[in-house]
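If you scroll down you'll find the structure; I have some questions about it.
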Amino acid sequence: MKTNHIVTNQVPPLEGYDVADYPVITEYLDRVGAADSLPELHELGRLAGSAEWIAVGDLAEEHPPVLATHDRFGNRIDVVRYDPSYHRLMDTAVAHGLAARPWADDDAHAHLVRAAKFSVWTSVDAGHGCPISMTYAVVPALRHNPGLAARYEPGLTSLHYQPELIVPTEKRGLIAGMSMTEKQGGSDVRANTTTAVPQADGSFLITGHKWFTSAPNSDLLLVLAQTGEGLSCFFVPRILPDGSRNTIYLQRLKDKLGNHSNASSEVEYHEAVGWLVGEPGRGVRTIIEMVNMTRLDCATASAALMRNGTTAAAHHAAYRSAFGAKLVDQPLMRNVLADLHVEAEAATLTALWLADLTDRARQDEQTAQLRRISLSVSKYFICKRAPMHAAEALECLGGNGYVEDSRMPRLFRESPLMSVWEGSGNVAALDTLRAIGREPEALAVFLDELDAATGADRAYDTALAALKDSLADAQAHEYRARTLVGQMATLLTASLTIRLGHPAVADAFVHSRLDGSWGSVYGTLRPGVDTAALIARAMPKL
Ligand SMILES: Cc1cc2nc3c(=O)[nH]c(=O)nc-3n(C[C@H](O)[C@H](O)[C@H](O)COP(=O)(O)OP(=O)(O)OC[C@H]3O[C@@H](n4cnc5c(N)ncnc54)[C@H](O)[C@@H]3O)c2cc1C
């Protein structure tokens, strides 16, 4: 039979490759002496790039969680039911140490290696990364109550995932969440109205509403509530030590733009039992320790989204032809792909460096200062860049990129989220300015870091001098906070690419983002950039 249905010039599926085979990740681990982690990283990378696990991620996205408030007899149960694919993703993530494992690990590179794995694994599904990240992040905050930390850290740091909601001390593995945002304010948590009333036994009864609480099936939640001393942080288990359900009522799940596999809920606490973590009235200071770790994951995950977008774009361009030549061989597409790759690789390098500082800050206060200010700057900037990047990567696939089964729409929907939560763009930029005002020595350490890259490139040196001029009056510049923090972030990234990165990336980054030659969209690199090296580094090896 004659047919007109002949498929030509379509691209093979992007599967059956090692997601961890991304040069900047392996080179960084190698450089700092963490090469012994590479076999496990590659194992996870091969899983993440396999057809089987890509399909598991698709299932989790296509079958979002469902809230069950009551059982069939009318009793409240307040549980979220997930597709089995979600539990498989969680299980693999926890088993590979992506939750709180680094806090129980003496390895000098535990946080760095975990960040590399998180970056690789998040390509399968971003949604389950939220509870994994919160479980990772909760430990430093929980340590403000050493008794609670001693009891629950073994479960948080375990390699076992156990989804049943039972008494936390009877579980081998625990998941944690955070409950701060209320209807009247998320950035300004001091406006929280939830109250905590002390009891004779040392516990508190917590009453109020929370407008966003992701992964509400978590065994443990850190909740902000007002006491007589002001806003305080509380440890609130879903199941109480006597086995009864804490009085936490899930009202509704959010119908979100993306991040579909993750349940984000509205919650009411009706005299729920909790225990104080940290000093009363210092709730923000306590929970910020958790937020500072989730912010690292926001930067890492946004960089990973950019890497995934560039990988998909490069793969498509390698097979698709138009006007008689492969897209990857056409000069303007080479400019776009190279530019997308520069952004993704530079962001990945910065995120890895921040995770590396997390390890090194354990011994050294100056490094801790450098980490704080650099994280604040980079969380703002990397997360802000992701949506534009995702849109451009999607466009490289043409019409196919706008169609769901290319997975590019999912990437695009995910891309604004990291900038919204854990300090939205403006708040993150303003936080950085406040940190500079509060800790001038941190700015000095930050500038030392930038100074270390001078002398290699005149464009860099000129841009650094301009930043120093702008910073002279940083406090007066709330209106220009984005400009200033953006400048800081660009210079930090440039300095890292010059000192630690691939020469082609450093050259393209500096001679676009810093010298004024770059346009307002991707694909506007100047002539002379080594596009061959850049595209080769982006191309997945199938
Ligand atoms: C999918 C998802 C999951 C979430 N999960 C959780 C969770 O698990 N737990 C939790 O506690 N929260 C969670 N959140 C809430 C999130 O952290 C908040 O939405 C975020 O902090 C912003 O708060 P808001 O929505 O109240 O916005 P607002 O605080 O009202 O801010 C609105 C806008 O104003 C800007 N803005 C605020 N202050 C200033 C200022 N001084 N100057 C200039 N601009 C300013 C902000 O940058 C933002 O762009 C989640 C949100 C989403 C989308």
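As a basis for the values below, the full set of heavy atoms in this structure was taken, side chains included, without hydrogen atoms, waters or symmetry mates. All ligand and atom numbering here is 1-based and tracks the order in the structure.
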Looking at atom 26 (O) of ligand 1, what's its closest protein heavy atom, distance included? Gly186 N, 2.7 Å
Identify the closest protein heavy atom to atom 11 (O) of ligand 1: which residue and atom is it, and at what distance?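 Minimum-distance protein heavy atom for atom 11 (O) of ligand 1 reads Met180 N, 2.8 Å.
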If we only count N/O pairs under 3.5 Å, is Ser187 in contact with ligand 1?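 Yes, there is a polar N/O contact under 3.5 Å.
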Note: ligand 1 atoms sitting under 4.0 Å from heavy atoms of Thr213 are 7 (C), 8 (O)
Residue selection (non-hydrogen contact nearest atom 7 (C) of ligand 1) among Ser214, Gly177, Ala191, Pro131: Ser214
Is it the case that over 12 heavy atoms from other parts of the model lie below 6.0 angstrom from the CZ atom of Arg285?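 No, the 6.0 Å shell around CZ holds no more than 12 heavy atoms from other groups.
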Determine the sole option in Arg151, Lys171, Arg238 for which the salt bridge (Lys or Arg N to Asp or Glu O under 4.0 Å) test with Asp219 is passed.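 When Arg151, Lys171, Arg238 are each tested with Asp219, the salt bridge (Lys or Arg N to Asp or Glu O under 4.0 Å) holds only for Lys171.
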Against heavy atoms of Ser264, which atoms of ligand 1 measure under 4.0 Å?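 Counting from 1, the qualifying ligand atoms are 1 (C), 3 (C).
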Closest to atom 36 (N) of ligand 1 among protein heavy atoms sits Val427 CG2, 4.0 Å
Counting N and O atoms only, with roles assigned by atom type, does the side chain of Asp83 sit under 3.5 Å from a partner on the main chain of Ser85, one being a donor and the other an acceptor? yes
Does a salt bridge link Glu266 with Lys210, judged by any charged N lying under 4.0 Å from a carboxylate O?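 Salt bridge flag = no for Lys210 with Glu266.
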Atom 9 (N) of ligand 1 - nearest protein heavy atom and its distance: Met178 O, 2.9 Å
Before accepting this row, confirm whether a basic side-chain N of the pair Arg114/Asp297 lies closer than 4.0 Å to the acidic partner's carboxylate O.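 Result for this pair is yes, salt bridge flagged.
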May I ask you to identify the nearest protein heavy atom to atom 41 (N) of ligand 1, giving residue, atom name and distance to one decimal place in Å? Leu430 CD1, 3.8 Å
Measuring centre to centre across the rings, with the benzene-like ring taken for any Trp, is Phe118 within less than 6.0 Å of His111? no
If you measure from the Lys or Arg side-chain nitrogens to the Asp or Glu carboxylate oxygens, is any gap between Glu422 and Lys379 under 4.0 Å?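 Salt bridge between Glu422 and Lys379, a charged N being under 4.0 Å from a carboxylate O: no.
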Just to be sure I read this right, does ligand 1 sit under 4.0 Å from the backbone of Lys256, its side chain, both, or neither, counting only heavy atoms?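 The side chain, only.
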Who's the nearest protein heavy-atom neighbour of atom 43 (C) of ligand 1, and how far? Asn426 ND2, 3.5 Å
Specify whether the nearest protein heavy atom to atom 30 (O) of ligand 1 is under 4.0 angstrom away. no
What is the closest protein heavy atom to atom 50 (C) of ligand 1, and at what distance does it sit? Phe212 CD2, 3.4 Å
Below 4.0 angstrom, N of the basic side chain to O of the carboxylate: do Asp431 and Arg434 qualify? yes
What protein heavy atom lies closest to atom 48 (C) of ligand 1? Include the residue and the distance to one decimal. Ser424 CB, 3.9 Å
Does this structure show an ion pair linking Arg513 with Asp339, if we count only N-O contacts that are shorter than 4.0 Å? yes
Given Val291, Leu417, Thr181, Val420, which has its nearest heavy atom closest to atom 20 (C) of ligand 1?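 Checking each option, the heavy atom nearest atom 20 (C) of ligand 1 is found in Val420.
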Leu220 and side chain to side chain contact (heavy atoms under 4.5 Å, CB included): which partner among Leu156, Val138, Ile175, Val236? Leu156
